[in-house]
Amino acid sequence: MDIPLVDYHWWAFFFRWTHVLAGVMWIGLLWYFNFVQIPNMPKIPDEQKPAIGKVIAPAALFWFRWAALATVATGIVLALMNEYFSDAITFGILGAATDGHVLRHTAIGIGMWLGIIMMLNVWVIIWPNQKRALGIVEVEADRKARSARYAMLASRTNTMLSIPMLYSMVSAQNVY
């Protein structure tokens with residue numbers, strides 16, 4: 001019997017697993033920043049804060065931003081492989097008459113758009129502002145403070161968007 005070593009099903013599993021792993025890392029770090037690090041920073045003695053700002057936060061932000069990109073990229077690959085990308089990205093409007101899965105496409109489409117918006121938020125707003133706030137990019141003190149606030153507000157926005165995004169992604173598996 002001739003069985004291919006690597007076929008569609010293997011690649012579909014690989015990209016789904018990678019998508020889930022990257023997503024867990026991304027949202028896990030997002031929630032870590034918003035539920036652990038930010039609320040507890042005022043409790044950390046000033047002499048210990050450089051360890052957070054110069055070591056822990058930059059490392060966490062590295063994994064955070066690349067996990068965001070990997071999650072979106074692998075999600076798009078999955079949608080293309082499984083031939084529902086155009087239906088999902090248009091909320092099921094285009095393929096509603098052909099496959100009968102308009103609710104599934106709508107749910108996954110909402111999750112996809114929220115994920116894309118969140119990923120862009122990471123790369124376009126959070127990361128540039130965090131570089132200034134952490135001193136990776138030198139700026140004057142008032143700009144540094146503003147950047148820290150912008151990054152925090154954008155991160156909080158992503159935290160709020162993560163809930164309907166996760167709900168949409170998971171519910172799409174159970175909608176017919």
Side-chain angles (χ1 to χ4, degrees), residues 1-38 55-131 136 151 154-176:
M1 177 160 56
D2 188 17
I3 300 174
L5 294 177
V6 179
D7 63 358
Y8 164 83
H9 298 290
W10 187 92
W11 284 110
F13 172 79
F14 172 80
F15 281 108
R16 184 167 310 279
W17 184 240
T18 306
H19 180 66
V20 169
L21 288 177
V24 167
M25 179 171 284
W26 178 20
I27 302 306
L29 284 166
L30 175 67
W31 289 4
Y32 160 76
F33 288 132
N34 284 279
F35 296 121
V36 178
Q37 184 173 309
I38 293 170
V55 179
I56 294 172
L61 285 164
F62 171 86
W63 290 104
F64 175 67
R65 68 182 185 273
W66 289 106
L69 185 61
T71 303
V72 170
T74 55
I76 290 171
V77 168
L78 279 171
L80 290 168
M81 283 181 70
N82 293 313
E83 299 178 351
Y84 62 80
F85 179 80
S86 64
D87 288 330
I89 210 77
T90 60
F91 305 113
I93 295 167
L94 295 181
T98 60
D99 69 4
H101 293 297
V102 68
L103 293 177
R104 179 178 293 165
H105 297 317
T106 301
I108 201 77
I110 290 168
M112 285 172 68
W113 275 111
L114 288 172
I116 290 166
I117 290 164
M118 290 169 59
M119 185 269 301
L120 290 172
N121 199 9
V122 167
W123 282 93
V124 176
I125 298 172
I126 297 171
W127 177 235
N129 281 290
Q130 280 291 19
K131 287 192 292 187
I136 296 168
S155 185
R156 292 275 166 88
T157 299
N158 270 9
T159 301
M160 293 297 103
L161 292 176
S162 71
I163 296 165
M165 183 271 301
L166 287 169
Y167 180 83
S168 295
M169 292 294 187
V170 172
S171 69
Q173 305 304 309
N174 300 306
V175 177
Y176 296 98

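Only a predicted model underlies this, so the values are computations on that prediction, with no experimental measurement involved. Hydrogens, waters and symmetry mates play no part in the numbers below; they use all other heavy atoms, side chains included.
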side-chain contact (heavy atoms from CB on, under 4.5 Å) against Ile117, all qualifying residues, sequence neighbours excluded = Leu161
Using modelled atom types only, decide if a donor and an acceptor are shared between the side chain of Thr18 and the backbone of Phe15 within a distance under 3.5 Å.
-> no
Judged by atom type as modelled, is there a donor-acceptor pair below 3.5 Å linking the side chain of His19 to the main-chain atoms of Gly75?
-> yes
Identify the residue among Asn121, Asn34, Asn129 that makes a side-chain hydrogen bond (donor to acceptor under 3.5 Å, both in side chains) with Ser155.
-> Asn34
For the residue pair Phe35 and Trp31, categorise the inter-ring angle as parallel (less than 30°), tilted (30 to 60°) or perpendicular (more than 60°).
-> perpendicular
When rounded to the nearest 0.5 angstrom, what distance separates CZ in Phe85 from CD1 in Ile108?
-> 12.0 Å
Can you tell me how far CG of Asp87 sits from CZ of Arg104, rounded to the nearest 0.5 angstrom?
-> 11.5 Å
Spatial distance of atom CG (Leu78) from atom CE (Met81) [nearest 0.5 Å] | 7.0 Å
Mind running ring-ring contact (aromatic ring centres under 6.0 Å, His included) on Trp10 and Phe13 for me, showing each step along the way?
-> CA-CA 5 Å; Trp10 187 92; Phe13 172 79; 8.0 Å; no
Enter the distance from Asn174:CG to Leu103:CG here, rounded to the nearest 0.5 Å.
-> 12.5 Å
Those residues that, when tested against Tyr167, pass side chain to side chain donor-acceptor pair (under 3.5 Å) (two or more places apart) | none
What distance do Ile163 atom CD1 and Ser168 atom OG have between them, rounded to the nearest 0.5 Å?
-> 12.0 Å
side-chain contact (heavy atoms from CB on, under 4.5 Å) with Trp63: which residues, sequence neighbours excluded?
-> Met25, Leu29
Which atom names give the shortest non-hydrogen contact between Ala154 and Ile126, and what distance separates them?
-> CB-CG1, 3.5 Å
Residues in side-chain contact (heavy atoms from CB on, under 4.5 Å) contact with Ala22, at least two apart in sequence or another chain = Ala70, Thr71
Side chains of Ile89 and Trp113 in contact at under 4.5 Å (non-hydrogen atoms) | yes
Stepwise side chain to side chain contact (heavy atoms under 4.5 Å, CB included) check, Met118 with Trp26 | CA-CA 10 Å; Met118 290 169 59; Trp26 178 20; 3.7 Å; yes
Any residue meeting side-chain contact (heavy atoms from CB on, under 4.5 Å) with Leu61, in chain and number order, not counting sequence neighbours | Phe33, Phe64, Arg65, Trp127, Gln130, Leu134
Which residues share a side chain to side chain donor-acceptor pair (under 3.5 Å) with Arg16, sequence neighbours left out | none
Closest approach of Ala79 to Met112 (non-hydrogen atoms, all atoms of both residues) = CB-CE, 4.3 Å
Where does the angle between the aromatic ring planes of Trp123 and Trp66 fall among parallel (under 30°), tilted (30 to 60°) and perpendicular (over 60°)?
-> perpendicular
Here the gap from Tyr32 atom OH to Ile38 atom CD1, rounded to the nearest 0.5 Å, amounts to 10.0 Å
